Every structure is written in C-alpha cells, then in structure tokens.
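First up is the structure itself, then whatever we jot down about it.
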Amino acid sequence: MSEGQTGNPSAVARADALRARFEALPAGAGSPGPVRLVRAPGRVNLIGEHTDYNQGLVLPAAIDREIWIAFRPWDRPEVELTSAEFGDTRSFSLEGLSPETRGAKSWIDYVAATAWAMREAGLGVRGFRGVMDSTIPIGSGLSSSAALEMASTWALAVPRAPRPEAGAMAAIAQRGENHYVGVNCGIMDQFASAAGRAGHALLIDCRTNQFKTAPMPAGLSLVVCETGSSRRLEVSAYNTRRSECELGVKLIAEREPGVRSLRDVDEAMLDRNRDRLPEVVARRCEHIVLEDARVMDTVAALRDGDLAALGRLFAASHASLRDLYEVSSPELDAMVDIAVAVPGVVASRMTGAGFGGCTVNLVERGAEGALRDAVLAKYQNRTGLKPRVYIVAAVDGAGELQLPA
Ligand code: GLA
C-alpha cells in the first residue's frame with residue numbers, strides 16, 4: 001500500500017476476518033445458524049451541495065469505502081455491537097428507546113437512532129449481536145454515520161418482512177439522525193448509501209425522493225482527497241445555513257405565493273426579491289438556486305463526455321460554496337488549487353458539508369498517480385496537514401452480502 005492511500009481488502013478476505021472476530025466473541029453469540037453479513041457504503045457527492053435540505057437536486061455516488069457488520073440475530077430485545085475499529089463493545093435495549101432516554105454520546109447512537117426510527121415508521125426490529133469494521137475514514141465527510149445507519153437497517157430488520165424501497169428507508173434513517181442523534185442533516189448521505197449503483201452516480205430529487213442513475217464516464221476515475229482538517233464548526237454552521245435558507249424562503253414567500261422551498265425559486269424570482277432579503281441570506285439563496293442548475297448541467301456533461309464543462313461546473317460550485325455559502329476552508333481551497341494544476345485532472349471541488357473534510361476529483365484514467373503525487377508533494381507544505389488520497393469506485397447501495405460460508 002503506498003503512502004496516502006487506504007487499502008481495500010478483497011471481499012472474501014474481509015468477510016473471513018470479520019466472521020472470525022465474531023466467532024471469537026465470548027459465548028452466547030446469538031441464535032444458531034450461519035453468521036450473516038451486511039454492508040453499507042459511504043458516499044462522495046459529485047455536485048449539488050447543501051441543496052438536499054432545500055428540496056433540491058444532488059448527484060452523489062456510493063463508494064467502495066464501506067461499513068460491514070457480521071451478526072446473528074438473537075431473541076433478546078437488545079443490540080450488542082463490537083467495533084473492530086474502535087476496539088470497544090456497546091449495547092442498548094430495544095425496549096423503551098426514545099430520544100429522551102439516549103445515553104452518553106457514542107457511535108452506537110446511530111444504530112439506536114435507526115432502530116427507534118424504524119419502529120416509529122411501523123417496521124419491526126430485531127435484536128442482534130455483531131461485530132463491525134469500516135474502511136470509511138472517520139470524520140472525513142464521506143458519511144460513515146449514514147453508512148452505519150444503513151447497515152443497521154439491514155441488521156435490525158425482521159426476516160422476510162416487507163422492506164421499504166431505498167429512498168423511503170433513507171428517509172427513515174435520516175429521521176433517526178435528525179430526532180434521535182440530534183443532527184439536522186438532509187437525506188443525501190443515507191440515500192446514496194441505500195440506493196447506490198455500481199459504476200453510476202445518483203441524481204436524487206430531494207423534493208420527491210425519486211432518483212435516476214447516471215453512468216460515470218468510462219474514461220474517468222473518481223479520486224477523493226482528504227484535507228485532514230477538523231470539521232469542528234460543522235454542526236453549528238450547518239444549522240445556521242439551514243435557518244438562513246429557511247428565512248430566505250419565508251421572506252420570498254411573503255411576496256411570491258406558492259413558494260415552499262428554494263426549489264420553487266429561480267434566478268429571476270430571486271433577483272426581484274433581493275431587496276427583501278438580508279445580504280447574507282441573499283447570498284445563501286443564490287448559491288442554492290444556481291447549484292440546482294449546475295447539477296442538471298453536470299448530468300448532461302457526464303452524458304456527453306464534455307470534460308471542459310465538467311471542469312467549469314465543479315469550479316463554479318466550489319467558488320460558490322467558498323464565496324456565497326461560505327463553507328469552504330483554506331485547506332479545501334488549497335487542495336482544489338493543487339489538483340486543477342495537474343494535467344489530466346478534469347474537475348475538482350469540495351464535497352459534503354464543508355469546513356474541512358474532502359475534495360472530489362474527476363480524473364482521466366492514468367492520471368490518478370500524478371494527482372496523488374502532486375497532493376503529497378505540495379499540500380503539506382502549504383497547510384502543515386497530512387493529506388490522504390483515495391481512488392474510489394462507485395458501488396451498489398447497502399444490503400446483505402452473499403459470500404461463500
Ligand atoms: C452533509 C449532510 C447532507 C448534505 C451535505 C451538504 O453531508 O449530511 O445531508 O446536506 O452535508 O451537501
């Protein structure tokens with residue numbers, strides 16, 4: 001494994017290792033029967049940032065950085081999960097689960113939140129004992145929490161019970177994260193993890209929760225560059241951005257009947273209502289309105305293989321997130337700067353909530369190494385932080401794995 005890259009073990013080796021960890025748990029490892037395996041991918045968003053909670057459009061792909069859980073259901077109303085990554089075991093009771101009784105903050109909250117939300121949605125849930133591992137770098141903005149939630153929907157499900165379709169299941173997990181964990185995220189991360197398609201990005205309409213798949217051009221690789229910078233401000237700044245957008249909608253709707261979200265607002269409508277909006281709110285709204293249009297343009301450019309357009313659209317999105325939405329950071333800006341100077345890098349921008357985390361890059365096949373070398377050579381000098389570079393592939397969404405026993 002070269003420096004700056006994370007290894008991705010083969011599926012069979014990974015399954016064997018996780019099963020062995022499960023079998024090594026102290027006695028009473030669940031009901032008899034084979035150990036089952038579920039997986040859920042992280043995601044990278046190609047474009048359409050902060051649009052999901054504005055009922056807009058997003059274009060993420062599920063990626064081959066995944067959380068896996070090896071487990072056996074048991075008859076106790078309890079979940080006990082060991083994290084191979086953190087080296088600890090956590091549990092919670094399925095009885096009396098409620099946001100009010102949530103204990104100290106821990107990664108197991110995402111599982112409990114999902115169980116709570118599935119119950120609230122009228123779905124049965126079942127206790128299990130399991131071991132999980134993850135190849136999604138924590139805190140990097142590649143949605144490890146959403147992946148844990150989506151893997152949990154599979155592990156908690158009652159066998160043979162009807163399962164809501166991916167978008168509906170994503171909405172259930174999002175509700176758990178909003179109300180139980182208390183993070184006011186949109187639906188994109190859960191949706192991408194649930195509905196991903198190998199070799200494709202997903203065009204998700206966050207107003208209708210419908211999606212279409214968009215093939216990734218064969219000649220392009222997806223490369224994620226991690227800035228290694230903290231996302232400390234993320235939650236409070238994220239919530240502030242949400243309320244600024246909501247205020248924009250409220251003020252525009254006073255004059256424009258029928259406006260329920262920024263999805264109902266186009267450039268002309270925004271312009272004729274600017275005088276009603278505080279300057280900062282106008283800028284936030286402008287980002288959202290134009291970003292929705294960039295998503296559709298990106299889908300067309302991917303379809304047509306228009307690399308120049310992809311470069312322009314990613315650059316415009318990044319500049320808008322930096323200047324209008326103000327969620328970029330000096331580290332993200334430096335990472336994009338370094339990337340776009342590399343021959344063969346087609347498009348580069350920050351991805352996810354921002355304030356740190358990762359950039360997403362479309363790179364001509366064969367140029368991935370040049371991008372990695374440039375980042376490893378220049379980024380640390382510019383920022384003092386150690387970068388990581390992941391060449392990723394778009395994969396299928398969460399589900400149960402059928403691997404040889
Ligand atoms: C985070 C949230 C998503 C979305 C992005 C920004 O990843 O969880 O719902 O809002 O930020 O596009």
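These numbers come from a predicted model, not from an experiment. All ligand and atom numbering here is 1-based and tracks the order in the structure.
Checked against the 6.0 Å centroid threshold, F191 and F211 count as a close aromatic pair.
Using modelled atom types, one finds no donor on one side chain facing an acceptor on the other under 3.5 Å when comparing E66 with S134. The closest side-chain donor-acceptor pair between S221 and E368 falls under 3.5 angstrom.
The stretch residues 133-165 participates, sequence neighbours left out, in no ring-ring contact (aromatic ring centres under 6.0 Å, His included) pair at all. Pairs passing the side-chain hydrogen bond (donor to acceptor under 3.5 Å, both in side chains) check and including a residue from residues 168-185, sequence neighbours excluded, read E177-Q190.
The protein residues lying under 4.0 angstrom from ligand 1, judged by non-hydrogen atoms, are R43, E49, H50, D52, Y53, C185, G186, M188, D189, Y238, G352, A353.
Every residue two or more places apart in sequence or in another chain was checked for a ring pair (Phe, Tyr, Trp, His ring centres under 6.0 Å) with F92, and none qualifies.
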